[in-house]
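Quantities reported herein were computed from a predicted structural model and do not represent experimental measurements. By convention here, the first residue in the shown sequence is residue 1.
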Amino acid sequence: MLDNNKLKLRCDEAIKWIREYVNNSGANGVVVGNSGGKDSATVIAMSVKALGKEKVLAISMPCNSIKEDYDDAKLVADAFGVKFIKNDLTETYTKLEERLNNSTKELGINEISKEAQINIKPRLRMVTLYAIAQTLGYLVIGTGNLCEAMVGYTTKWGDSACDFNPIANFTVPEVLEIGRMLGVPDKIINKPPNDGLGGQTDEEKLGVKYTQIDEMIEKGQTEEKAKKIIIEKYNKSKHKRTPIPSFSFNRINCLDNEKEKE
């Protein structure tokens with residue numbers, strides 16, 4: 001983990017980067033998926049610092065979720081004075097899952113897998129964020145941290161989908177410390193990380209602690225059992241961290257020439 005002086009410097013740089021990125025894009029503001037957790041809370045705090053609260057929209061998207069998560073999301077929105085709306089996806093999710101299960105019966109499958117069911121939820125949230133962002137002329141700002149990315153604890157085209165991400169290179173301990181610096185409520189900082197999708201905390205699902213992932217990123221070493229798990233997850237999730245593979249061959253693209261004339 002970066003020491004506090006370096007972390008404050010990087011945090012200030014990230015806030016400036018948010019401001020410049022949004023201004024250069026011509027966007028009117030940013031949309032944040034507000035889960036009531038540490039990552040979204042910290043990104044909301046950074047966005048308010050960068051753009052002002054009037055240009056930040058926080059959206060709660062419960063989907064068979066516990067009420068406490070919504071309450072925490074509202075706590076964060078109120079703490080930073082940002083616009084806050086709720087779009088309950090429970091009914092949409094239930095109908096989609098039912099239709100998917102009906103259609104896959106033709107393939108001899110009674111229902112889609114448990115992981116597929118879980119991943120529908122963040123993908124529905126992505127659709128929601130982009131629909132509202134496009135309507136308002138906003139950008140979708142990401143809330144995924146480095147620890148999650150390194151072990152693939154993210155859903156392709158779900159919570160990993162965004163226009164830009166200010167915390168992508170900060171580890172979980174660093175995100176927590178930035179949150180403290182920027183005034184994220186203690187309840188959120190002290191809340192065990194939980195994606196709200198499977199009834200377990202993040203660390204219970206992963207089988208390792210975020211501090212151990214941080215140690216592997218910074219030092220390449222941690223407790224031996226955790227090290228093996230992290231390396232295995234890192235190798236298996238490479239496809240989530242790389243651009244979409246595409247067939248390529250040498251060809252002339254006249255549009256490239258037009259760009260050079262500008």
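- For the atom pair CG (Leu75) and CD (Glu68), the distance works out to 10.5 Å, reported to the nearest 0.5 Å.
- Remark: Arg241 qualifies as a cation-pi partner of Tyr234 under the 6.0 Å distance and 45° angle criteria applied to the six-membered ring.
- Using a 4.5 Å heavy-atom cutoff, the side chains of Asn145 and Phe170 are not in contact.
- Here the rule is side-chain contact (heavy atoms from CB on, under 4.5 Å) with Val30, and of Leu57, Leu51, Leu136 only Leu51 fits it.
- Lys67 is listed as a side-chain neighbour of Asp71, based on a closest heavy-atom distance under 4.5 Å.
- Annotation: Lys16, atom NZ; neighbour count of heavy atoms from other residues, nucleotides and ligands within 6.0 Å does not exceed 12.
- Screening Ile59, Ile44, Val56 for a side-chain contact (heavy atoms from CB on, under 4.5 Å) with Asn34, the sole residue that qualifies is Ile44.
- Residues Tyr153 and Ile231 fall within the same hydrophobic cluster, defined by Ile, Leu, Val, Met, Phe, Trp and Tyr side chains chained together at heavy-atom separations under 4.5 Å.
- Side-chain contact between Ile189 and Lys38 is absent, with no heavy-atom pair separated by less than 4.5 Å.
- In this structure, CG on Asp3 lies 10.5 Å from CD on Glu177, to the nearest 0.5 angstrom.
- Between the side chain of Gln212 and the backbone N or O of Lys209, at least one donor-acceptor pair lies under 3.5 Å.
- Other residues, nucleotides and ligands contribute only 12 or fewer heavy atoms inside 6.0 Å of the CD1 atom of Ile244.
- Ion pairing between a basic and an acidic side chain is recognised when a charged N comes within 4.0 Å of a carboxylate O; Glu232 and Lys228 show no such pairing.
- Atom CH2 of Trp17 sits in a crowded spot, with more than 12 heavy atoms from other residues, nucleotides or ligands closer than 6.0 Å.
- Scanning both residues, Thr90 and Cys63, for their nearest heavy atoms gives OG1-CA, 3.5 Å.
- The side-chain tip of Lys53 does not point at the ring of Phe80 from less than 6.0 angstrom away and within 45° of straight on.
- The shortest distance between side-chain heavy atoms of Leu7 and Met1 falls below 4.5 Å.
- The closest side-chain donor-acceptor pair between Asp202 and Tyr210 falls under 3.5 angstrom.
- Scanning all heavy atoms of the two residues, the minimum distance from Met181 to Asn4 falls at CE-O, 3.8 Å.
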Exercise for review: For side-chain hydrogen bond (donor to acceptor under 3.5 Å, both in side chains), just list the numbers for Asp163 and Tyr21, CA-CA rounded to whole Å, side-chain angles, deciding distance to a tenth of an Å, and then say yes or no.
Suggested key: CA-CA 10 Å; Asp163 293 311; Tyr21 195 93; over 6 Å; no

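- More than 12 heavy atoms of other residues, nucleotides or ligands shown are found within 6.0 angstrom of NZ on Lys156.
- Minimum interatomic distance between Thr143 and Asp39 (heavy atoms only, all atoms of both residues): O-CB, 3.1 Å.
- Between Phe84 and Tyr70, the distance separating the two ring centers is shorter than 6.0 angstrom.
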Practice item. Could you walk me through whether Met46 and Ile141 pass side-chain contact (heavy atoms from CB on, under 4.5 Å), step by step? Key: CA-CA 11 Å; Met46 295 171 78; Ile141 190 168; over 6 Å; no

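- Residues Arg10 and Glu13 are paired through a salt bridge, judged by an N-O separation under 4.0 Å between the basic side chain and the carboxylate.
- Leu176 places none of its side-chain heavy atoms less than 4.5 Å from the side chain of Pro173.
- Here the CG-CD distance, from Leu96 to Gln117, works out to 11.0 Å after rounding to the nearest 0.5 Å.
- No chain of hydrophobic side-chain contacts below 4.5 Å, direct or via other Ile, Leu, Val, Met, Phe, Trp or Tyr residues, connects Val31 to Leu139.
- Leu124 and Ile66 are assigned to two separate hydrophobic clusters, defined by single-linkage of ILVMFWY side chains at heavy-atom distances under 4.5 Å.
- Taking OG from Ser47 and CZ from Arg19, the interatomic distance works out to 11.0 Å, rounded to the nearest 0.5 Å.
- In this structure, Glu203 CD and Ile213 CD1 are separated by 8.0 Å, a value rounded to the nearest 0.5 Å.
- The hydrophobic cluster containing Met126 does not contain Phe164, counting ILVMFWY residues as joined when their side-chain heavy atoms lie under 4.5 angstrom apart, directly or transitively.
- The minimum heavy-atom distance linking Lys191 with Gly36 is given by the pair NZ-O, 3.3 Å.
- Cluster annotation: Val140 and Val43 are assigned to distinct hydrophobic clusters (Ile/Leu/Val/Met/Phe/Trp/Tyr, side-chain heavy-atom contacts under 4.5 Å, transitive).
- Taking all atoms of both residues into account, the shortest heavy-atom contact from Pro62 to Ser65 is CA-OG, 3.4 Å.
- Contact between Pro166 and Gly142 at its shortest, heavy atoms only, is CD-O, 3.7 Å.
- Using a 4.0 Å cut-off between charged side-chain N and carboxylate O, Lys74 and Asp78 make a salt bridge.
- Between Lys187 and Asp72 there is a salt bridge, since at least one side-chain N of the basic residue sits less than 4.0 Å from a carboxylate O of the acidic one.
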Exercise for review: I would like to know whether Thr171 and Asp214 meet side-chain hydrogen bond (donor to acceptor under 3.5 Å, both in side chains); could you show each step before the answer?
Suggested key: CA-CA 6 Å; Thr171 65; Asp214 179 83; 2.7 Å; yes

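- Here the CG atom belonging to Leu129 is positioned 13.0 Å from the CD atom belonging to Gln134, to the nearest 0.5 angstrom.
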Check your understanding: Between Lys83 and Ile85, is a side-chain contact (heavy atoms from CB on, under 4.5 Å) present by the stated rule, with each step listed?
Key -> CA-CA 7 Å; Lys83 293 171 286 186; Ile85 63 173; over 6 Å; no

